[in-house]
**Student:** 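Quick one: this structure, given as structure tokens, is what I'll be asking you about.
Any value given below was found using the heavy atoms of this structure, including those in side chains, with hydrogens, waters and symmetry copies removed. Per chain, numbering begins at 1; letters A, B, ... match sequence-line order.
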Amino acid sequence: MLLLPSLRRTLIFSGEHKAFFSTAIIDTFRTALRPFPDYKPRTPSVQDTDFIHHIVRTLKHRYQFDQIPNILRPFASKFRQDHLIWILPHLKSDHTLVLDLFRWFQSRRRQPVSTEAFAIVSHIFICANRMNTAQSLVREGLSSHRHFVECMVYTYKHWSSNPVVFDFMVRELLDAKRIDETLVFVRRLFTYGIVVAVEVLNVLLLNLHVDVMIKVFEEFSEFGVDWNLISYNSAIHRLCMVERIEEAHKFFVEIKIKSGQLPDVVSYSTLIDGYCRIGDSEKVSELFREMELNGLNPNQFTYNSVLIILCKSGNMMDAEKVLVEMLDSGVTPDEFVYTTLINGYCKIDDLNSVYRLVEEMKTRSLFPDTVTYTVLINALCRNQKIVEADKIFEEMICKRLEPDEVTYSALIDGFCKAGNTKHAFELHNRMISLGLMPNIVTYTSLSDGLCKQGDVGSANELLYQMCGKGLELNVVTYNSLINGLCKIGNIRQAVQIFVEMGGTGLSPDAYTYTTLIDAYCKSGDIQRGHGLFGEMLKKGIEPSIVTFNVLMNGFCQSGMVEDGRKLLAWMIEKGVVPNSTTYNSLMKQQCSMKNMKNTMEIYKEMCSQGIKPDENTYNILIKGHSQARNLIEARYLHKEMTEKGFNLTETSYRAFIKGLFKRKKVIEAREMFEEMRGKGFSADKEMYNMFIDYNYTEGDMETTIELCDEVLEKCHVQVIQ
DNA sequence: GATAATCTAG
């Protein structure tokens with residue numbers, strides 16, 4: 001009970017310097033509260049007291065005319081650690097003198113400066129609000145004195161009694177990333193009745209693991225911390241980042257209940273961003289409406305989150321609508337908004353819109369930054385424009401924008417995909433020499449590049465070296481490696497890696513399963529492929545359109561038409577929208593059965609669903625029709641595909657030309673033959689024979705001989721004498 | 001106190 005009055009003095013919100021008198025809280029932890037340790041400096045002897053006064057007098061008298069080493073020369077040999085501490089109270093108000101004296105003592109190096117002296121001088125400077133000096137003193141103290149924090153607590157009552165000291169200490173501990181220590185310290189301060197400023201505790205929150213953060217939020221509230229809006233918004237943000245949206249929403253609701261404040265535009269935008277990340281558009285609209293009802297206007301942050309999900313799903317029409325809405329409500333798009341939109345158009349490979357937006361940015365005096373350039377480089381790489389991508393990379397360097405690890409990774413990936421792993425590795429070396437650390441994405445790109453060349457061994461070696469640098473393989477790296485092994489026909493080892501991956505605590509995803517299902521299907525083992533499909537469903541991994549297409553291809557290639565049809569029906573029932581690849585497999589199968597009637601029925605079904613035929617569709621249909629000698633259909637489709645800028649493949653050219661030839665459309669066949677050769681494709685023996693025979697009967701000996709030479713060279717035909 | 005970019009499957 002005696003404890004209470006003194007506690008009331010120390011129980012202070014240090015940041016605000018206001019007394020804290022809530023008896024309810026004091027009662028809660030009355031038993032836990034304790035006074036600050038009682039500390040007093042040692043008492044000087046009579047001789048020491050004389051010595052000290054002598055020094056103090058001399059210092060005060062001569063300090064403005066002379067330097068400390070000169071002034072103290074006569075005293076230097078007897079000057080000890082304790083003298084320093086005894087002198088300080090007499091000089092307290094002259095901070096420059098205190099610091100000079102302290103530094104002089106340090107520089108003598110006769111005796112190391114004690115933790116106590118460091119702590120006392122730190123107290124003096126923090127209380128004097130001389131923050132720069134205080135900071136360097138505290139930093140020095142923290143880094144070179146093991147018990148500095150402890151000593152600050154011990155010397156507190158005697159030397160400062162100003163709780164600001166602890167805000168300062170906590171800030172510095174956090175700055176030095178000594179997080180666990182900070183947590184222990186703040187909890188200890190509670191036991192003395194000191195509550196560190198919420199502004200400082202907010203920094204602590206940012207540095208805690210999200211689970212610890214939640215616990216601390218609750219725990220500290222009980223100790224009397226009044227979390228503010230910034231605290232709540234940070235907590236919401238942290239939870240959203242790890243997609244723990246329900247918990248984030250709980251914090252959002254608690255703002256009103258527990259802090260008595262109202263969520264602001266940051267709270268709303270942060271929560272909206274969280275819902276955007278998990279793709280819950282209903283909640284997003286709900287929150288937008290709620291914001292409006294509360295008289296809050298969405299800003300760039302709010303709109304950008306919405307734009308990101310629309311762009312990610314390639315829905316640029318709606319993204320443009322949101323942009324208009326944003327402009328209408330008077331919010332001007334910034335670099336972030338533009339970069340998001342540009343990235344959206346990159347993802348659907350609409351380079352024209354990309355260039356349009358870059359120009360539009362300039363008209364608004366916004367300039368592409370490193371991120372915008374990275375997006376552009378990525379767009380060009382995706383469109384096989386590696387030369388242009390490299391040019392853009394040089395351009396950004398010229399504009400003194402610094403490419404970071406993401407920029408390098410994007411370009412490295414581009415070169416890997418273009419098959420130029422050599423240059424990709426050169427870029428990797430260049431980034432290291434510039435002090436940029438390649439990350440797991442960089443290594444995955446390089447490893448994937450090697451795998452795609454069939455060099456899984458080198459990829460393995462590279463990843464081994466990478467692990468030596470402390471980086472860990474992620475799901476993407478594993479998937480790429482599994483794919484590499486599958487593509488060189490080594491399914492067994494791919495499955496081994498699949499098992500190893502599970503052992504490291506990483507869970508296989510839709511990519512992993514799809515890759516293995518495809519490998520099994522292509523090797524003719526539909527049973528195993530189907531088995532894995534069942535396994536992924538059981539594990540709750542959602543199959544993608546690619547998974548369905550891989551299975552569909554498996555069924556169709558094995559002639560399991562009925563299963564293919566059933567799969568299509570099932571997909572539609574489950575709301576998975578088939579695409580052209582799905583239908584292509586079915587059509588290809590029907591073509592191989594020479595059933596063009598069924599093929600065209602499937603084609604019509606596909607078109608009626610609003611699914612546009614792709615390059616592959618046209619190739620399948622033209623080849624099928626040509627082989628069935630339906631030249632009218634083949635020609636019509638060829639015209640249509642040419643208009644769309646699609647190209648025939650080598651086998652389609654061959655089938656089409658043969659079809660034309662057999663239907664006696666010789667001139668047209670000849671034209672196509674030249675066009676095909678012009679594209680670097682070669683004819684087969686049968687086709688050469690057709691044209692050689694024809695030219696010979698027509699009496700064109702020159703062409704006949706030319707074609708004979710070519711067939712000898714290209715088809716390795718042996719000449720029978 | 002909150003926003004944009006890089007890697008994997010057909």
**Student:** From CG of A:D404 over to C1' of B:dT6, roughly how many Å is that when rounded to an integer?
**Tutor:**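 So the two atoms are 9 Å apart, to the nearest Å.
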**Student:** Using a heavy-atom cut-off of 4.0 Å across all strands, would you classify A:T515 as base, sugar-phosphate, or nothing?
**Tutor:**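 Counting heavy atoms under 4.0 Å across all strands, the contact made by A:T515 is with sugar-phosphate only.
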**Student:** Would you mind classifying the nucleic acid contact of A:N553 as base, sugar-phosphate or nothing, using non-hydrogen atoms under 4.0 angstrom?
**Tutor:**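 It contacts nothing in the nucleic acid.
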**Student:** Heavy atoms only, 4.0 Å cut-off, all strands: where does A:T582 land among base, sugar-phosphate and nothing?
**Tutor:** nothing
**Student:** Looking at B:dA4, does its base get a donor-acceptor pair with the side chain of A:T339 below 3.5 Å?
**Tutor:** yes
**Student:** Roughly how many Å is it from CG in A:N439 to P in B:dT8, rounded to a whole number?
**Tutor:**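 These atoms are roughly 13 Å apart.
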**Student:** Check this one for me: any side-chain N or O of A:K452 less than 4.0 Å away from OP1 or OP2 of B:dA9?
**Tutor:** yes
**Student:** Contact class for A:M241 vs. all strands (heavy atom < 4.0 Å): base, sugar-phosphate, or nothing?
**Tutor:** sugar-phosphate
**Student:** Of the listed nucleotides (B:dT6, B:dC7, B:dT3), which one gets closest to any side-chain atom of A:D334?
**Tutor:** B:dT3
**Student:** Can you confirm if the aromatic rings of A:Y520 and A:H530 lie within a centre distance of less than 6.0 Å?
**Tutor:**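 No; A:Y520 has its ring centre 6.0 Å or more from that of A:H530.
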**Student:** Starting from P on B:dA2, measure out to CD1 on A:I236 and report it in whole angstrom.
**Tutor:**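 Going from CD1 in A:I236 over to P in B:dA2 covers 12 Å.
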**Student:** Between A:L310 (CG) and B:dT3 (P), how many Å, whole number?
**Tutor:** 19 Å
**Student:** If you check every side-chain atom of A:T340, which of B:dA5, B:dA4, B:dG10 has the closest atom?
**Tutor:**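 Nearest to the side chain of A:T340 among the choices is B:dA4.
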**Student:** Just wondering, do A:F336 and B:dA4 stack (centres under 5.5 Å, planes under 30°)?
**Tutor:** no
**Student:** Counting any heavy atom closer than 4.0 Å, what does A:I342 reach on the DNA or RNA strands: base, sugar-phosphate only, or nothing?
**Tutor:**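 No contact.
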**Student:** How close or far is atom P of B:dC7 from atom CG of A:L446, stated in whole angstroms?
**Tutor:**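 After rounding, the reported distance stands at 13 Å.
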**Student:** Can you identify which nucleotide, out of B:dA9, B:dT6, B:dC7, has its nearest atom closest to the A:K417 side chain?
**Tutor:**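 Per side-chain heavy atoms of A:K417, the pick is B:dC7.
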**Student:** Indicate whether OP1 or OP2 belonging to B:dT6 is found under 4.0 Å from a side-chain N or O atom of A:K347.
**Tutor:** yes
**Student:** Could you check how far CD1 of A:I517 sits from P of B:dG10, rounded to whole Å?
**Tutor:** 12 Å
**Student:** Would you mind classifying the nucleic acid contact of A:N616 as base, sugar-phosphate or nothing, using non-hydrogen atoms under 4.0 angstrom?
**Tutor:** nothing
**Student:** If the condition is side-chain contact (heavy atoms from CB on, under 4.5 Å), which residues does A:L401 pass it with, not counting sequence neighbours?
**Tutor:**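 In terms of side-chain contact (heavy atoms from CB on, under 4.5 Å), with neighbours along the sequence ignored, A:L401 is linked to A:T370, A:Y373, A:M396.
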**Student:** Would you say A:N483 reaches B:dA9's phosphate, i.e. side-chain N/O to OP1/OP2 under 4.0 Å?
**Tutor:**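 Affirmative; the distance criterion is met.
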**Student:** What contact category does A:R382 fall into here, base, sugar-phosphate, or nothing, at under 4.0 angstrom with non-hydrogen atoms?
**Tutor:**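 No contact.
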**Student:** Select one nucleotide: of B:dA5, B:dC7, B:dG10, the one nearest the side-chain heavy atoms of A:N579.
**Tutor:**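 Closest nucleotide to the A:N579 side chain: B:dG10.
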**Student:** In this structure, how many angstroms lie between the P atom of B:dC7 and the CE atom of A:M501, rounded?
**Tutor:** 18 Å
**Student:** Please enumerate all residues that pass side-chain contact (heavy atoms from CB on, under 4.5 Å) together with A:N299, with sequence neighbours excluded.
**Tutor:**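 A:N299 satisfies side-chain contact (heavy atoms from CB on, under 4.5 Å) with A:V265, A:S269, A:F301, A:T302 only.
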**Student:** Please classify the nucleic acid contact of A:S269 as base, sugar-phosphate, or nothing, using heavy-atom distances under 4.0 Å.
**Tutor:**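 Here A:S269 touches the bases of the nucleic acid.
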**Student:** Please determine, for the side chain of A:H237, which listed nucleotide (B:dA5, B:dC7, B:dA2) has the closest atom?
**Tutor:**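 Nearest to the side-chain atoms of A:H237, counting from C-beta on, is B:dA2.
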**Student:** Does a side-chain N or O from A:K487 land closer than 4.0 Å to OP1 or OP2 of B:dT8, or not?
**Tutor:** no
**Student:** So what does A:S305 hit on the nucleic acid, given a heavy-atom distance under 4.0 Å: a base, only sugar-phosphate, or nothing?
**Tutor:** nothing
**Student:** Nearest-Å distance, CE (A:M326) to P (B:dT3)?
**Tutor:** 16 Å
**Student:** So which nucleotide from B:dG10, B:dA2, B:dA5 ends up closest to the side chain of A:F301?
**Tutor:** B:dA2
**Student:** Report yes or no: is there a donor-acceptor pair, N or O only, under 3.5 Å between the side chain of A:S445 and the base of B:dC7?
**Tutor:**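 No.
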**Student:** Which nucleotide, B:dA4, B:dA9, B:dC7, lies nearest any side-chain atom of A:N378?
**Tutor:** B:dC7
**Student:** Counting the atoms with a prime plus P, OP1 and OP2 as sugar-phosphate, which does A:N202 contact under 4.0 Å by heavy atoms, base, sugar-phosphate, or nothing?
**Tutor:**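 Nothing, no nucleic acid heavy atom in range.
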**Student:** So, does A:R277 get its side chain near the phosphate of B:dA4, meaning an N or O under 4.0 Å from OP1 or OP2?
**Tutor:**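 For B:dA4, OP1/OP2 do have a side-chain N/O of A:R277 under 4.0 Å.
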**Student:** Have a look at A:N228 and say if it touches a base, only the backbone sugar-phosphate, or nothing, with a 4.0 Å heavy-atom cut-off.
**Tutor:**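 No contact at all - A:N228 keeps every heavy atom at 4.0 Å or more from the nucleic acid.
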**Student:** Describe the nucleic acid contact of A:V375 in one word from base, sugar-phosphate, nothing, applying a heavy-atom distance below 4.0 Å.
**Tutor:**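 It contacts sugar-phosphate atoms only.
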**Student:** Counting heavy atoms not belonging to A:K347, are there more than 12 under 6.0 Å from its NZ?
**Tutor:**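 Correct, the count exceeds 12.
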**Student:** Roughly how far, to the nearest 0.5 Å, is CD1 of A:I272 from OG of A:S305?
**Tutor:**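 If I round to the nearest 0.5 Å, the distance is 7.5 Å.
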**Student:** Choosing from B:dG10, B:dA2, B:dA5, which nucleotide comes nearest the side chain of A:V546?
**Tutor:** B:dG10
**Student:** Less than 3.5 Å between a donor and an acceptor, one on the side chain of A:S409 and one on the base of B:dT6, is that the case here?
**Tutor:** yes
**Student:** Testing A:K283, A:E286, A:H249 for side-chain hydrogen bond (donor to acceptor under 3.5 Å, both in side chains) with A:Y275, which one passes?
**Tutor:**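 Exactly one pass, corresponding to A:H249.
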**Student:** Between B:dT8, B:dA5, B:dA2, which nucleotide gets closest to the side-chain atoms of A:N299?
**Tutor:**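 Nucleotide nearest to A:N299's side chain: B:dA2.
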**Student:** Going by an N to O cut-off under 4.0 Å, is there a salt bridge joining A:K250 and A:E246?
**Tutor:** no
**Student:** In terms of ring plane angle, is the pair A:W227 and A:F220 parallel, tilted or perpendicular, where the classes change at 30° and 60°?
**Tutor:** parallel
